[in-house]
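This report refers to the structure that appears directly beneath it.
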Amino acid sequence: MDTLGKTITCLAAIAWKTNSSLSLEEVQVEPPKAGEVRIKMISTGICGSDDHAIKGIIPLKYPFIPGHEGAGIVESIGEGVSSVKPGDKVLTLIVPQCRECSACLNPKGNFCEKQDILPSSGLMLDGTSRFTCKGEKIYHSFRTSTFSEYTVVPEISVVKIDAAAPMDKICVISCEVPTGYGAAVHSAKVTPGSTCVVFGLGGIGSAIVMGCKASGASRIIGVDINEEKFPRARALGVTDCLNPSNLKKPVQEAVKEMTGIGVDFAFEAIGLAETMVAAWDSCHVSHGVCIIIGVSPPNSKFSLSAQTVSTGRTLKGVCLGDYKTKDCFPQLVTAYLQNKINIDPLITHQLPFDQLHKAFELYHAGKTIRCVLLF
Ligand code: APR
Ligand code: ZN
């Protein structure tokens with residue numbers, strides 16, 4: 001079928017209003033404009049951030065097509081696009097890399113000014129949408145909208161990967177792997193023999209555990225209210241599991257007792273102010289590093305005992321492992337193909353895209369680490 005330059009009608013999931021269940025609809029996907037790329041999706045993961053978006057915890061414009069952790073094949077490109085061509089295998093980038101803004105030009109960090117997460121316009125860079133459904137304009141999410149058989153993204157939000165990449169699972173390198181594994185190995189630079197605590201043992205937390213283990217941590221404490229997450233976490237490298245609801249004391253006190261004084265590295269991968277404070281308080285008073293990964297609701301605030309700050313601890317927020325996305329994600333794919341990172345244990349379920357509702361049921365029941373939807 002020759003789709004070049006034509007509007008494509010295909011299946012997509014739409015969030016019509018806050019906290020409603022997604023509906024599978026026939027949508028129209030316009031051709032890419034200048035500087036844009038249209039992608040035929042092959043796989044997409046269900047990430048906590050998509051759930052946050054659907055619930056309104058990350059505020060987006062409705063109605064929108066969710067999804068950001070995606071792998072696909074370029075169907076067509078708009079004028080001026082040079083970094084990808086039709087037929088290329090690609091990953092979508094929730095945080096783009098424009099290479100021009102203050103964030104991209106700084107060697108540290110990666111939160112490109114052209115991102116569309118906080119805040120979100122739901123539109124392409126020119127202020128318009130490429131999606132319609134039943135004649136109504138549909139908004140994009142994070143300029144990725146991967147819960148659709150076809151999507152259009154800016155060129156800065158897509159990157160070409162190795163043609164040997166297995167497309168049924170490589171999508172997790174578009175978010176879960178850099179966010180979790182990268183936070184441990186690239187942002188925190190976990191050291192051999194160190195002690196770590198990971199708050200939240202979902203998809204991101206599991207990838208953090210893998211990164212801590214790969215870095216040679218001697219003790220990895222995993223914290224989750226869902227004990228069903230414990231066996232898999234242990235298999236990935238967690239040495240001690242804590243369920244805060246079963247403790248008679250605050251979880252940070254338990255962590256301090258277990259380690260004598262506090263951990264070298266603490267990670268928060270839930271998105272709650274209270275667990276962020278618990279992560280901070282779990283850290284070694286002198287050199288402890290507290291890494292916040294979870295995305296919390298707007299207006300949510302936390303306060304720290306001011307005296308705990310000046311002793312030397314570090315508090316750092318991390319998005320996608322501080323990797324410059326377009327530069328680094330292809331390298332992570334190559335590292336996987338060379339057996340240097342193993343992403344396979346992070347994917348617990350694979351379902352056809354039209355079984356999206358079942359996938360979300362499994363996610364909400366806490367049964368999945370990552371469920372990947374296949375188109
Ligand atoms: N205390 C401990 N664990 C909790 C708590 C709590 N109060 N509340 C939830 N959890 C656990 C859940 O049981 C689950 O195992 O946190 C885990 C969250 O995992 P997922 O829902 O799989 O989410 P994930 O994709 O890992 O994302 C986690 O990182 O990137 C961000 O936006 C994302 O904020 C989200 C976070
Ligand atoms: Zn930028």
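Counting convention: from 1, in listed order, for ligands and their atoms alike. Quantities reported herein were computed from a predicted structural model and do not represent experimental measurements.
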Give the atom numbers and elements of ligand 1 that come within less than 4.0 Å of a heavy atom of Lys229. 15 (O)
If you take the nearest heavy atom of each of Ile204, Thr275, Asp224, which one is closest to atom 14 (C) of ligand 1? Asp224
The closest protein heavy-atom partner of atom 9 (C) of ligand 1 is Ile270 CG2, 3.7 Å
If the cut-off is 4.0 Å to any non-hydrogen atom of Gly294, which atoms of ligand 1 fall inside it? 29 (O), 31 (C), 34 (O), 36 (C)
So, Lys189 side chain and His186 main chain: donor-acceptor pair closer than 3.5 Å or not? yes
N-O pairing of Asp224 and Lys229 below 4.0 Å: no
Side chain or backbone, does Gly203 bring an N or O within less than 3.5 Å of an N or O on ligand 1? yes
If you measure every N/O of Val295 against every N/O of ligand 1, is any gap under 3.5 Å? yes
Touching ligand 1 at all, Glu176? Heavy atoms, strictly under 4.0 Å? no
Report the nearest protein non-hydrogen atom to atom 35 (C) of ligand 1: residue, atom name, distance rounded to 0.1 Å. His52 NE2, 3.3 Å
Please report which non-hydrogen protein atom sits nearest to atom 21 (O) of ligand 1, along with the residue it belongs to and the distance in Å to one decimal place. Tyr363 OH, 2.8 Å
Which segment of Glu227 sits under 4.0 Å of ligand 1 when only heavy atoms are counted: neither
Of the protein's non-hydrogen atoms, which lies at the shortest distance from atom 19 (O) of ligand 1, and what is that distance? Gly202 CA, 3.3 Å
Under 4.0 Å from any heavy atom of Asn226, which atoms of ligand 1 are there? 13 (O)
Between the side chain of Lys316 and the main-chain N/O of Ile291, is any donor-acceptor distance below 3.5 Å? no
Under 4.5 Å between side-chain heavy atoms, counting indirect links through other Ile/Leu/Val/Met/Phe/Trp/Tyr residues: same cluster for Leu247 and Val223 or not? yes
Report the C-alpha separation of Phe267 and Val197 in whole Å, then their side-chain angles, then the decisive distance to 0.1 Å, and conclude whether the side chain to side chain contact (heavy atoms under 4.5 Å, CB included) test is met. CA-CA 6 Å; Phe267 299 88; Val197 62; over 6 Å; no
May I ask you to decide if the ring planes of Tyr323 and Phe329 are parallel, tilted or perpendicular, using 30° and 60° as cut-offs? perpendicular
If you apply the rule side chain to side chain donor-acceptor pair (under 3.5 Å), what do you find for Arg130 with Thr132, and how did you get there? CA-CA 7 Å; Arg130 300 292 160 269; Thr132 49; over 6 Å; no
With the Zn ion (ligand 2) as the apex, the SG/SG angle for Cys98 and Cys104 - to 10°: 110°
Do any nitrogen or oxygen atoms of Thr179 lie less than 3.5 angstrom from nitrogen or oxygen atoms of ligand 1? no
Per-atom filter on ligand 1: closer than 4.0 angstrom to a heavy atom of Gly200 are 16 (O)
Give the residue, atom name and distance (to 0.1 Å) of the protein heavy atom nearest atom 7 (N) of ligand 1. Leu272 CD1, 3.5 Å
Does a side-chain heavy-atom distance below 4.5 Å link Phe302 with Leu272? no
How many degrees, to 10°, between Cys101 SG and Cys112 SG as seen from the Zn ion (ligand 2)? 120°
Tyr363 vs Phe360 aromatic rings, parallel, tilted or perpendicular, using cut-offs 30° and 60°? perpendicular
Has Ala269 got any heavy atom lying under 4.0 angstrom from an atom of ligand 1? yes
Knowing that exactly one of Thr195, Val289, Thr191 qualifies, which makes a side chain to side chain contact (heavy atoms under 4.5 Å, CB included) with Asp264? Thr195
N/O donor-acceptor pair under 3.5 Å between Thr348 side chain and Arg370 backbone: yes
Short question: side chain of Lys114, backbone of Glu100 - any donor-acceptor pair under 3.5 Å? no
For atom 33 (C) of ligand 1, the closest protein heavy atom turns out to be Ser49 OG, 3.6 Å
Is the shortest N/O to N/O distance between Ile369 and ligand 1 below 3.5 Å? no
List the closest protein heavy-atom neighbour of atom 25 (O) of ligand 1: residue, atom name, distance to the nearest 0.1 Å. Gly48 N, 2.9 Å
